[in-house]
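A short write-up of the structure that comes next.
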Amino acid sequence: MNSLEQQITELAKAAVKALYNVDAEDSQISLQKTRPEFEGNITLVVFPFVKLARKAPAQVAAEIGEWMTKEAHIISKYNAVQGFLNLSISDAFWVDQLQGIDADDHYGRFDRPNSQMVNDQMVHPLMMVEYSSPNTNKPLHLGHVRNNLLGYSIAKIQEANGWKVVKTNIVNDRGIHICKSMLAWLKFGNGETPESSGKKGDHLIGDYYVRFDKEYKKQIAELMASGKDEETAKREAPLMLEAQEMLRKWEANDPEVRELWAKMNSWVYAGFDETYRKMGVSFDKIYYESNTYLEGKSEVEKGLASGQFYRREDGSVWADLTKDGLDEKLLLRSDGTSVYMTQDIGTAKLRFQDYPIDKMVYVVGNEQEYHFKVLSILLDRLGFPFGKELVHFSYGMVELPNGKMKSREGTVVDADDLMEKMIEDAREISKDKVNTLQGITEEEANEIARKVGLGALKYFILKVDPRKNMLFNPAESIDFNGNTGPFIQYTYARIQSVLRKAEGESTSALKGEALSLDPKELALIQRLTEYPSAVRTAGDEFSPAILCNYAYALACDFNSFYHDLSILNEPDPAKKALRLLLAKNVAKVLCSAMGLLGIEMPERM
RNA sequence: GGUCCGGUAGCUCAGCUGGAUAGAGCAACAGCCUUCUAAGCUGUGGGUCUCGGGUUCGAAUCCCGACCGGAUCACCA
């Protein structure tokens, strides 16, 4: 089906040809939605043609408008304001569009140009999306929340854009930071477990990580008091030495250390699982750094053998990236241990073994842009087809009113606490709405509060352009009114309420009926037709925010329509049928758009 | 210092492939529920789009230069 834009573009080119005998380029055809203060639905900007025509802009607009109106039945009338030609599209066209949307069960979903039919089945190119990637020494915080929500949403959006998406996670489960919490637990834990304390496993481990830091600082202070300088004190503090010793034992597969490590990590995973479940995110395949870092080492060794990398006198291994305008990059330390980059190479290797990856996407904060620039070059050199074109979906930091979150200063916003608080707030607010929520069970009420609270949180985070830093003020609660998730959920719930009451009513009265549309109805249909391009743009630009904006605009249009025009009390059966069809499809699209954001819709609220 | 990103209403953010008088929400104020859910709708006030040049019929948007803020440039991750 030709979109309206395409049809108008062809018409405009034909008009310019017929009137001025000039072949216009597609790039000269500039279309925009007509501003509400003017009559019309779509506007052609005619300035590009005024030189060719050697006439005043308004006259050119009028001439083209006259020609198009005569030639094309979908244009009902036009008006020209300066160089702007405002075109009104016929009501029949819009009704037709609405019926098309209604008939399309996959409205807003596409195939890729390189999707192929294989044995009667559509096979899509494969995109792997890595997100979350937590350390196992502390619970998830607000920064992770943004990461997880963006990662999950972008996976959904790319799926709608015709990719087969594999969601993946790389868990950073080894290293000195893990040893720190293990050591603190051994020394000060008295055998505390999640069961014995009732604490969530990840929080319990996080507490010991903090405890380590506290005791370590104490030791540093003592050493400095006895005359050592700060550098020496930090290096020689017994706790740090012990942690390093523990890491060596871990690398040497010391059974005792490994057993403790496995036990404590399992507590953390149980905690993470709970947080992920609550957040509503999931993964198709999880990788663990403890399994991939050795793979990375051997890849680096191979690169060394093939001359891609070189070894320095102290034994460390480096990649020379000066030809790419970058520096030299360390890949293996002089003691042979691996760094972050090494591990990422190993992970890529395993992933590539496991899946036919066409595109690899890393959802990681913008502080790591340099890292991914380097990784892209290295993977390319090592022969990974997706290396060169890998996407670092780089998003901005979440900042608090006084700057970044700092765990040492206790300003970290915990993910579990935050979600719980949002759900409580939603529950509190819904208590004032008893009239609309009469007769529902406690369980249903909890479920509504959960959807609404999380909806508010998710929308709040996703509506901001991912590239930008965003501000979160813990002192102010996240809104439930205005441009928010609950606003859109509310719009949906209202529609569901109407549809429940209209159950059994047919929309067939619409057939063949020539009815005239109210401007609010027309605006709604036009907005619905914009959904596919919103999905496409969100995919192209990796921006869930675009879908937030779209869903908000659609909800606004509907609420305005709903306020002015009655659906159930409309006496004209054809009009009533149209409005029901409209409401039904607005709900469908709202639900679809919010689904791509990972936000659930309540049937009532 | 090099590189990258940002600067739009009191606050949080849209708009940025150039188009009409720059938009929302929050906060403030004023209205609208015997009528499909008022988490809604309508209205009022609020702007040197950081600044200065340039390109253009037309610049918040593109180019150049300042200024301010952030990130990064580790044998950290």
Side-chain angles (χ1 to χ4, degrees), chain A residues 27 30 32 34-35 37-38 43 45-48 50-51 57 81-84 86 133 135 172 175-177 289 312 314-318 325-327 329-341 343-344 364-371 373-374 394 396-397 399 401 403-404 426 429-430 432-433 435-437 452 456 460 463-465 467-473 476 478-491 493-502 545-546 548-549 552-553 555-556 558-570 579-580 583 604-605:
Chain A
S27 61
S30 165
Q32 55 186 303
T34 305
R35 292 182 151 244
E37 58 266 35
F38 300 100
T43 296
V45 183
V46 304
F47 286 107
V50 298
K51 258 188 208 157
V81 181
Q82 299 166 51
F84 299 91
N86 303 319
S133 307
N135 289 335
N172 301 300
I176 190 74
H177 51 290
E289 188 187 340
R312 285 189 184 169
D314 62 3
S316 56
V317 176
W318 296 74
L326 302 175
D327 287 331
K329 190 74 192 173
L330 178 87
L331 297 176
L332 288 177
R333 295 193 188 95
S334 49
D335 64 2
T337 56
S338 65
V339 292
Y340 184 41
M341 189 64 73
Q343 176 265 117
D344 255 347
V364 179
N366 59 14
E367 68 219 336
Q368 294 191 30
E369 270 166 13
Y370 182 70
H371 173 81
K373 211 174 269 180
V374 172
S394 162
M397 301 290 98
E399 287 169 344
K404 286 183 76 171
I429 289 167
S430 73
D432 304 334
K433 323 281 174 192
N435 46 332
T436 60
L437 292 175
V452 173
F460 175 81
K463 80 169 179 194
V464 179
D465 183 337
R467 292 169 308 171
K468 292 188 180 174
N469 287 358
M470 64 176 292
L471 187 102
F472 175 81
N473 188 347
E476 297 169 13
I478 292 175
D479 259 304
F480 287 76
N481 298 320
N483 185 356
T484 65
F487 170 88
I488 296 164
Q489 291 171 317
Y490 178 71
T491 307
R494 270 178 148 182
I495 296 173
Q496 293 311 304
S497 173
V498 171
L499 294 179
R500 276 192 298 271
K501 287 181 177 158
I546 286 167
C548 289
N549 292 340
Y552 178 62
C556 283
F558 181 83
N559 282 323
S560 170
F561 155 86
Y562 179 89
H563 181 264
D564 289 6
L565 305 169
S566 179
I567 300 167
L568 298 175
N569 298 324
E570 169 56 45
R579 287 175 193 169
L580 276 172
R604 59 183 79 213
M605 67 186 271

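Of the charged side-chain nitrogens involved, none lies within less than 4.0 Å of a carboxylate oxygen, so that A:R333 and A:D335 do not count as a salt-bridged pair.
The side-chain ring of A:F38 is stacked on the base of B:A20, judged by centre separation under 5.5 angstrom and plane angle under 30 degrees. With centres under 5.5 Å and a plane angle under 30°, the ring of A:Y562 is stacked against the base of B:C36.
For B:C33, the glycosidic angle deviates from 0 by 90° or less, giving a syn base.
The side chain of A:R500 places no N or O atom within less than 4.0 Å of a non-bridging phosphate oxygen (OP1 or OP2) of B:U37. Considering only side-chain N and O atoms, A:N481 lies under 4.0 angstrom from the phosphate OP1 or OP2 of B:G40.
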Treat a base pair as Watson-Crick or G-U wobble with both distances under 3.5 Å, then lay out RNA chain B in dot-bracket form, 5' to 3', with | for cross-strand pairs.
(((((((..((((.....[...)))).(((((.......))))).....(((((..]....))))))))))))....
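The environment of A:Q82 atom CD is sparse: at most 12 non-hydrogen atoms of other residues, nucleotides or ligands sit within 6.0 angstrom.
With sequence neighbours excluded, no residue satisfies salt bridge (charged side-chain N to carboxylate O under 4.0 Å, His left out) with A:D479.
A gap of 42 Å separates the C1' atoms of B:U44 and B:G65, to the nearest Å. For the C1' atoms, the distance from B:A30 to B:G47 is 23 Å, rounded to whole Å. Rounded to the nearest Å, the gap between the C1' atom of B:C49 and that of B:G18 is 15 Å.
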Please write out the pairs of protein N or O atoms and N or O atoms of nucleotides 11-13 of chain B separated by less than 3.5 Å, giving the distance to one decimal.
residue, atom, partner, partner atom, Å
B:C13, OP1, A:L471, N, 2.7

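One donor-acceptor pair, N or O on each side, does fall under 3.5 Å between the base of B:A20 and the side chain of A:N86. Donor-acceptor pairing under 3.5 Å, judged by distance alone, is absent between the side chain of A:T491 and the base of B:A39.
Side-chain polar atoms of A:R494 and A:N559 form a donor-acceptor pair below 3.5 angstrom.
Nearer to the 5' terminus of RNA chain B, by closest-nucleotide assignment, is the contact made by A:R35 (compared with the other of A:V339 and A:R35).
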